[in-house]
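Keep in mind the model is a prediction, meaning the values are calculated, not measured.
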Protein chains: 2
Amino acid sequence: MPRPTKQSPERGDARTRLLEAACDVVRQKGFAATSVDDLCQEAGVTKGAFFHHFKTKEALGVAAANHWAETTSALFANASFHELDDPLDRVLAYLDLRKGIIGGEVFEFTCLVGTMTQEVHESAPAIRDACAESIFGHAATLEADIEAARQQRGIDADWTAESLARHTQAVLQGGFILAKATGDPELARESVDHLRNYIEQLFGVAG
Amino acid sequence: MPRPTKQSPERGDARTRLLEAACDVVRQKGFAATSVDDLCQEAGVTKGAFFHHFKTKEALGVAAANHWAETTSALFANASFHELDDPLDRVLAYLDLRKGIIGGEVFEFTCLVGTMTQEVHESAPAIRDACAESIFGHAATLEADIEAARQQRGIDADWTAESLARHTQAVLQGGFILAKATGDPELARESVDHLRNYIEQLFGVAG
DNA sequence: GAATAGATACCAACTGTACGGTATGTATCT
DNA sequence: AGATACATACCGTACAGTTGGTATCTATTC
């Protein structure tokens, strides 16, 4: 899904370009430190266009979180691991996919909604709620496979599929923070490895 | 951060109050959204005092990260779990302590340096580095107990104590994000439970 | 131990500007 | 003709940082 560039004239409309700019710039600088002018410049549009499409900067934040939820859910919905028959294999393949994405520049693999949540959880509830829906909506797609795996293998666990799905998201988000602290993606991958190891152990798989 | 010396005698109250204000306000609003005036008002000092003690807002960010490292390391250094004989017990008791701290208002239990890292990792390397030192310095204190536990129990692991110590910090940081997304501390505690469960399994402890 | 000089710790008032947002325009659709 | 999709120019303010001041320490000298 190649993103239109500033050179190419048939790139998306201003609204879409602003949302994509927000994904990139906010992940680099944070939401508060990203100015409306920053976004307009990155998107190649004017402020008039910005405030035509978004009533306020906060409204853009909400729309960006929703845009993020849409694009990432499409990404994972189309991934090939869903074709695996064994639900546990699907869960583990999901983790492998997540790990494989982590690399290159920090802003390229980190999570927009995790970043925004940290900043605005108190001051902008509308953005926070949109971020929460993205995170937990995504976790819910994983929860189904975890629960299926648990039932299929007859695991009598003291944890719920819901909590384990949420835990995967916590590990990913936390890994991103360590990666940001050092600039080294390996720290995020390392935590995914521990998470995979944990899930294998929960399901009695030999490492 | 250096204790008051003869050259730099008892540092004014204002400096400490500003650092403590930063810990509170930045955890609520984020670093960029926290204005110097916010901090001065919270600390009950004037802007003149602020810029007497800190050359720039960024310098305050560095000092706040160092202050955080100091106060938290003192907190954990004085905790009673260090008296336990079994190193694995110390690791598990550390997790119990971490879990016990999580509760009340979000800004009261979340991590200043994790929050700041997310925001400034690209734009303010000095703050990022101070945050990284706080995070990984803390992880290192845990690493010692993990390594001792591993050697004591003769575990031939495919993971290092260093990576597991870092993973604990990732889980905590990630748990904080989920808690912020919902306002519910339980989500952070839940991830600590999974982490504890993981470590017990790594060391062959029956849940 | 008094006087003095310099450094430190603050305070109040100010400044330049970058920010979010607005007002108003025009071209292109339906 | 009206709505949509932009663009240009502008506005009030909140921001980080400055200036210039005073009070209070500390060190030194006589």
- Query: Considering only dC6(D), dC10(C), dC11(C), which nucleotide approaches the side chain of Ala14(B) most closely?
  - Reply: dC10(C)
- Message: If the helix axis at each end comes from five base pairs, how far does the helix from dG1(C)-dC30(D) to dT30(C)-dA1(D) deviate from straight, to 10°?
- Response: 10°
- Check for a donor-acceptor pair, side chain of Asp38(B) on one end and backbone N or O of Thr34(B) on the other, with a separation under 3.5 Å. no
- Task: Keeping the roles fixed (side chain from Ser163(B), backbone from Trp159(B)), state whether a donor-acceptor pair exists under 3.5 Å.
- Result: no
- When you look at Phe31(B) and Ile127(B), which way does the side chain to side chain contact (heavy atoms under 4.5 Å, CB included) test go after all the steps? CA-CA 11 Å; Phe31(B) 181 75; Ile127(B) 299 178; 3.8 Å; yes
- For the atom pair CG (Leu92(B)) and CD1 (Ile199(B)), what is the distance rounded to the nearest 0.5 Å? 7.0 Å
Within the sub-3.5 Å range, which N or O atoms of nucleotides 13-18 of chain D have a protein N or O partner, and how far apart are they?
| from | atom 1 | to | atom 2 | distance (Å) |
| --- | --- | --- | --- | --- |
| dA16(D) | OP1 | Lys57(B) | NZ | 3.3 |
| dA16(D) | OP2 | Val36(B) | N | 2.8 |
| dA16(D) | N7 | Lys47(B) | NZ | 2.7 |
| dA16(D) | N6 | Lys47(B) | NZ | 3.2 |
| dG17(D) | OP2 | Lys57(B) | N | 2.9 |
| dG17(D) | N7 | Lys47(B) | NZ | 3.4 |
| dG17(D) | O6 | Lys47(B) | NZ | 3.0 |

- Query: Are Phe81(A) and Phe76(A) close enough that their ring centers fall under 6.0 Å?
  - Reply: no
- Query: Do side-chain atoms of Ser134(A) reach the backbone of Ala130(A) as a donor and acceptor pair under 3.5 angstrom?
  - Reply: no
- Task: Examine distances only and state if a side-chain atom of Glu119(A) and a backbone atom of Ala32(A) form a donor-acceptor pair shorter than 3.5 Å.
- Result: yes
- What pairs with Glu162(B) under salt bridge (charged side-chain N to carboxylate O under 4.0 Å, His left out), at least two apart in sequence or on another chain? Arg166(B)
- Item | Separation of atom CZ in Phe54(B) from atom C1' in dC10(C), rounded to whole Å | 13 Å
- Query: So which of Arg98(B), His138(B), Lys99(B), His167(B) actually passes side-chain contact (heavy atoms from CB on, under 4.5 Å) with Leu172(B)?
  - Reply: Arg98(B)
- Message: I need the CZ-C1' distance between Arg17(B) and dC11(C), as an integer number of Å.
- Response: 13 Å
- Message: If the condition is side chain to side chain contact (heavy atoms under 4.5 Å, CB included), which residues does Phe107(B) pass it with, not counting sequence neighbours?
- Response: Asp24(B), Arg27(B), Gln28(B), Glu105(B)
- Query: Under the side chain to side chain donor-acceptor pair (under 3.5 Å) test, which residues partner Glu186(A), sequence neighbours left out?
  - Reply: Arg189(A)
- Taking only N and O in the side chain of His53(B), is any of them less than 4.0 Å away from OP1 or OP2 of dC10(C)? yes
- Message: Does the protein touch nucleotides 25-30 of chain C at the base, only the backbone, or not at all? Give it as B, S and - per nucleotide, heavy atoms under 4.0 Å.
- Response: ------
- Query: dA9(C) phosphate, OP1 or OP2: any side-chain N/O from His52(B) under 4.0 angstrom?
  - Reply: yes
